[in-house]
Amino acid sequence: MAAEIGVAVIGFGLAGQVFHAPFVSAVPGLKLQAIVQRKGDEAGKAYPSARILRSFEEALADSAVQLIVVGTPNETHFNLAKQALLAGKHVVIDKPFASTSEEALELQELALKQGLVLAPFHNRRWDGDFLTVKNILKDESVGRLVTYESHFDRFRPVPRGNTWKEGASSANGLLFDLAPHLVDQALSLFGAPQGITASVRMDRDSTDIEDAFDITLEYPKLRAHCRSSMLACDAAPRFLLHGTRGSFKKFGLDPQEPALLGGAKLPRMGEGEWLADAKEHWGTLTVAPDPNEPGILTRTQVKTELGDYRFYYANVRDAITGTAELTVKPQDGYRTIKLLEMARQSSLEGRTLPVTF
């Protein structure tokens, strides 16, 4: 049996507590060796078998750690990931992959030079609703797709205190918090767009961060819209697809994050299903069976596919052992950050930009 891959999770805020430590622990072949929590004892109580470290340098020096997971504030991602790669560690970087496309490209080139796995944490490719959308498109259930809308809405009219996420920085705000997921999902479905048009805004009465965006990725005969707002009291559909034969609409967010926040226990991979979407949250497929009778429609509930972030870490494990190709590549991280920069430029200049990578 192959030796387990030792993992150190850097940071034990939301990312470490909800998205990294639980899923690393649930994947056979990975061992949660250490958690870096600079102060407090939450990590030790949650994971008593892991070493609790007080500095990043301790994790770099630990020979039992082969994989570093960077789950720290956005502005620190590049420097920590670069140090880890230089120390000979494989790296997972929570979104955003980097603060700039130049940083992302440097990390990509360094990982290649070092012969190490470098994986952007674009885990929402394993959201149940997104997997359902992939099936809808694969089956051509709506015909030829012409409009794709992806929303991730919140209602937070007053900035939260005591969090770096509300701090003034080009690496913070919704554009670098939620847009990486939405843009990465669109890129994984449709590839590189021909053009990008965006509005990136500060909509709240008081805010230091970009708290709303509308990004349109332009393809031949297709528009992909990625949108988010902190002033969406009544949220838009998570996904809305329009095609030549019909439409698909899905409300609600993937249940994995709220379940873990609520104290749900994640089973180890192979020891039970993780989490199914509630039936009342399933999407609706509306089609015209006969295009010559567009007024006659049929509506069908579509069961949501099982979302499971364990598959992200299982793929990282397999990429490290050389038994599978990495699914979310550093190039995906670079292209996503490049498009976010172009979105900001498009918004400032009020024009559509041609996309080149």
* Between L340 and P180, is any pair of side-chain heavy atoms under 4.5 Å apart? -> yes
* Asked: Linking Ile, Leu, Val, Met, Phe, Trp and Tyr by side-chain heavy atoms under 4.5 Å, what else ends up with F155?
  -> L231
* Any side-chain heavy-atom pair of Y313 and V69 under 4.5 Å -> yes
* Whether D127 side chain and T132 backbone form a donor-acceptor pair below 3.5 Å -> no
* Would a 4.5 Å heavy-atom cut-off, applied to side chains only, mark Q37 and R54 as touching? -> yes
* Option passing side-chain contact (heavy atoms from CB on, under 4.5 Å) with H122 (candidates D184, V183, I93) -> D184
* More than 12 heavy atoms of other groups within 6.0 Å of D139 CG -> yes
* Is I5 reachable from V65 through a run of I, L, V, M, F, W or Y residues, each pair having side-chain heavy atoms under 4.5 Å apart? -> no
* **Same apolar cluster: V9 and V27, side chain cutoff 4.5 Å** => yes
* Structure fact -> Nearest heavy-atom approach of A319 to L326 is CB-CD1, 3.9 Å
* Asked: Under 3.5 Å, side chain of E75 to main-chain N/O of S169, donor-acceptor pair present?
  -> no
* salt bridge (Lys or Arg N to Asp or Glu O under 4.0 Å) partner of R125, chosen from D254, D332, D308 -> D332
* Contact summary for Q114 and L85, nearest pair of heavy atoms -> NE2-O, 2.9 Å
* **Neighbour count above 12 (heavy atom, 6.0 Å) for E280 CD** => yes
* Asked: When clusters are formed by joining ILVMFWY residues with side-chain heavy atoms under 4.5 Å apart, either directly or through shared neighbours, do L339 and I337 land in the same one?
  -> yes
* Asked: At their closest point, which heavy atom of V200 faces which heavy atom of S347, and how far apart are they?
  -> N-OG, 2.9 Å
* What's the shortest heavy-atom distance between L266 and P22, and which atoms? -> CD2-O, 3.3 Å
* For V146 and K221, what are the C-alpha separation, side-chain angles and deciding distance, and is it a side-chain contact (heavy atoms from CB on, under 4.5 Å)? -> CA-CA 6 Å; V146 297; K221 304 188 82 171; 5.9 Å; no
* To do: Please check if atom CD in E349 has more than 12 non-hydrogen atoms from other residues, nucleotides or ligands closer than 6.0 Å.
  => yes
* Asked: Can you check whether F121 and Y312 have ring centres sitting under 6.0 Å from each other?
  -> yes
* Report yes if some heavy atom in the side chain of S99 is under 4.5 Å from a heavy atom in the side chain of H77; otherwise report no. => no
* Asked: Is the count of non-hydrogen atoms from other residues, nucleotides or ligands lying under 6.0 Å from K329 atom NZ greater than 12?
  -> yes
* If you draw a 6.0 Å radius around CD in Q345, do more than 12 non-hydrogen atoms from other residues or ligands fall strictly inside? -> yes
* Counting distance only, does the side-chain N/O of N123 pair as donor-acceptor with the main-chain N or O of Y309 below 3.5 Å? -> no
* Asked: Would you say the side-chain atoms of H242 pair up with the backbone N or O of T147, donor to acceptor, closer than 3.5 Å?
  -> no
* **side-chain contact (heavy atoms from CB on, under 4.5 Å) evaluation trace for R201 with E210** => CA-CA 5 Å; R201 308 179 302 279; E210 296 157 333; over 6 Å; no
* **Carboxylate-amine/guanidinium proximity below 4.0 Å for R156 and E166** => no
* Structure fact -> Scanning both residues in full, the closest heavy-atom pair of S229 with D153 reads N-OD1, 3.5 Å
* Asked: Relative to each other, are the rings of F130 and F239 parallel, tilted or perpendicular (30° and 60° limits)?
  -> tilted
* Applying the 4.5 Å side-chain criterion to the ILVMFWY set and letting contacts propagate, would L182 and F251 be lumped into a single cluster? -> no
* So, for L187 and P193, which heavy atoms are closest and what is the spacing to 0.1 Å? -> CD2-CD, 3.9 Å
* Decide yes or no for K250 and D277: does some side-chain heavy atom of the first lie under 4.5 Å from some side-chain heavy atom of the second? => yes
* To do: Please report the C-alpha distance between F97 and E103 in whole Å, then the side-chain angles of each, then the deciding distance to 0.1 Å, and finally whether the side-chain contact (heavy atoms from CB on, under 4.5 Å) criterion is met.
  => CA-CA 9 Å; F97 184 55; E103 290 180 350; over 6 Å; no
* Step through the shown structure and confirm whether more than 12 heavy atoms of other residues, nucleotides or ligands are within 6.0 Å of CZ on F311. => no
* Can you check whether D129's main-chain N or O pairs, donor with acceptor, with T304's side chain at less than 3.5 Å? -> no
* Are R268 and P28 close enough that some pair of their side-chain heavy atoms sits under 4.5 Å apart? -> yes
* Asked: Stepwise, does the side-chain contact (heavy atoms from CB on, under 4.5 Å) test hold for V302 with W282?
  -> CA-CA 6 Å; V302 179; W282 291 0; 5.9 Å; no
* Would you confirm whether E293, through its side chain, and G295, through its main-chain N or O, come within 3.5 Å as a donor-acceptor pair? => no
* To do: Following the transitive rule for hydrophobic clusters with a side-chain heavy-atom cut-off under 4.5 Å over Ile, Leu, Val, Met, Phe, Trp and Tyr, establish whether L67 and I10 coincide in one cluster.
  => no
* Within a strict 4.5 Å, meaning less than it, do heavy atoms of the F152 and D177 side chains meet? -> no
* **Minimum side-chain heavy-atom gap F23-R310 below 4.5 Å** => yes
* To do: Walk me through it: do D62 and Q33 pass the test side chain to side chain donor-acceptor pair (under 3.5 Å)?
  => CA-CA 9 Å; D62 190 339; Q33 190 76 31; 5.0 Å; no
* **Passing candidate, side chain to side chain donor-acceptor pair (under 3.5 Å) with S150, options R227, R238, H225** => R238
